[in-house]
Amino acid sequence: MKDLVTLEEYIIRAQNKFPGATGELSQLLRDIGLAAKIISREVNKAGITNILGYEDSENVHGESQKKLDLFANEQLISALSRSNITCMVISEENEGVVRLSGEAGKYIVYMDPLDGSSNIDVSVSIGSIFSVYMRPESKKKLAEGDALQSGEKQVAAGYVLYGSSTVLAYTTGLGVRIFTLDPSIGEFILSHEDVKIPEYGNIYSADEGSYNFWDPGLKQYVKYCQEIDPDTGRPYKARYVGCMAADVHRTLLQGGIFMYPDSSKYPNGKLRLMYECNPLSFIIEQAGGLAIDGSRRIMEIQPASLHECTPIYIGSRKNVEKLREFFVEFNTANSSR
Ligand code: P6P
């Protein structure tokens with residue numbers, strides 16, 4: 001028992017290292033942890049209670065909303081409303097911004113409350129992803145544009161993965177920690193203290209069903225992954241969960257690369273910059289990896305809109321750099337490359 005460190009204890013210990021800390025970010029992370037426990041409880045019994053299936057509504061991307069999408073969204077917004085810390089929430093499930101606490105809080109939170117929700121009805125992993133920014137100090141009247149900040153300005157980011165176990169990973173820019181939920185005591189317990197992604201991995205992850213929509217450079221790279229070359233661990237294994245949080249969590253721990261490209265089907269990519277790609281890029285870069293849109297670092301992108309999409313190639317540094325070589329050699333079309 002003495003070696004167990006709970007999420008709450010860890011956050012307080014980390015905060016105590018900064019005498020000037022107000023404790024507000026700590027409280028925000030604890031609030032997210034509380035919502036995660038509630039969502040995990042519902043996810044783990046979704047097949048029993050009447051919470052599977054679709055609502056008759058759509059999100060900002062025109063995707064049908066599942067009951068658990070909306071439940072997770074409500075729980076996270078409710079948890080963030082508990083204290084005057086968060087002034088504004090931008091969620092995949094809400095078209096506009098959700099203003100909280102009389103807009104008095106100092107943090108702006110982006111979130112994908114239930115990532116990979118198409119997996120819900122078949123009991124495959126799903127996740128929640130969050131990203132935290134400071135509100136511009138000079139601004140008294142909050143505007144949506146105050147939330148349009150590049151990923152490099154994130155003060156915290158993380159995800160919860162509802163899989164074979166429920167894990168919560170986060171960073172505040174001082175490395176990556178992972179906590180595993182022990183449902184018997186209702187606590188997230190520290191399971192990985194200072195996570196570092198392998199510099200190179202032999203797993204590639206992409207929806208190869210879309211191969212014929214891809215640029216030549218990506219097609220050639222995937223063929224490279226499939227060649228037989230024991231010296232470089234090829235052929236790689238192919239793994240694709242259909243939940244970015246799950247695919248990136250595996251990549252974080254085992255190495256390799258996750259790819260969701262731009263294509264003739266998704267000219268700007270499908271994944272959302274602010275509440276999928278930036279937070280997971282912050283985690284992966286803090287663990288020593290790399291995340292690009294084909295050329296630029298994801299976290300350098302200056303967003304033009306709250307819900308914009310981007311291509312993303314994220315994972316072990318050597319794997320991502322090898323992919324970029326293919327894009328250069330095959331002059332891949334993406335204008336940002
Ligand atoms: P596809 C889930 O809907 C998501 O946003 C990511 O979590 C996941 O990586 C991707 O989309 C899956 O997309 O086109 O393979 O179903």
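Numbering of ligands and ligand atoms starts at 1, following listing order.
Numbered from 1 in the order shown, with element, the atoms of ligand 1 that lie under 4.0 Å from a heavy atom of Arg272 read 5 (O). Atom numbering of ligand 1 starts at 1 in the shown order; those under 4.0 Å from a heavy atom of Met244 are 6 (C), 7 (O), 8 (C), 9 (O). Residue contact check: Cys243 has heavy atoms under 4.0 Å from atoms 7 (O), 9 (O) of ligand 1. The contact set between ligand 1 and Asp115, taken as ligand atoms under 4.0 Å from a residue heavy atom, comprises 2 (C), 4 (C), 5 (O), 6 (C), 7 (O). Short contacts between ligand 1 and Tyr240, defined as distances under 4.0 Å to a heavy atom of the residue, involve ligand atoms 1 (P), 12 (C), 13 (O), 15 (O).
Under 4.0 Å is where a charged nitrogen must lie from a carboxylate oxygen, and between Glu300 and Arg296 no such pair does. Ion pair Glu321/Lys318 not flagged as a salt bridge, since none of the NZ, NE, NH1 or NH2 atoms sits closer than 4.0 Å to an Asp/Glu carboxylate oxygen.
The shortest distance between side-chain heavy atoms of Asn59 and Asp69 does not fall below 4.5 Å.
Not a single heavy atom of Ser118 sits less than 4.0 Å from an atom of ligand 1.
For Tyr133 and Tyr110, the distance between ring centers is under 6.0 angstrom.
Within the 4.0 Å heavy-atom criterion, the part of Leu271 lying near ligand 1 is the side chain and not the backbone. Residue-level proximity to ligand 1 for Phe258 is carried by the side chain, the only part with a heavy atom below 4.0 angstrom.
Atom 5 (O) of ligand 1 has its closest protein heavy atom at Glu276 OE2, 2.9 Å. Closest protein heavy atom to atom 14 (O) of ligand 1: Tyr260 OH, 2.6 Å.
Applying the 6.0 Å contact sphere to CD of Gln226 captures more than 12 heavy atoms from other residues, nucleotides or ligands. Heavy atoms from other residues, nucleotides or ligands lying under 6.0 Å from CD of Glu199 number 12 at most. No more than 12 heavy atoms of other residues, nucleotides or ligands sit less than 6.0 Å from atom NZ of Lys237.
Between Phe327 and the choices Tyr221, Trp214, Tyr313, the ring-ring contact (aromatic ring centres under 6.0 Å, His included) rule is met once, by Tyr313.
Residue Lys270 has at least one N or O atom closer than 3.5 Å to an N or O atom of ligand 1. Taking only nitrogen or oxygen atoms, main chain and side chain alike, Tyr266 does not reach within less than 3.5 Å of ligand 1.
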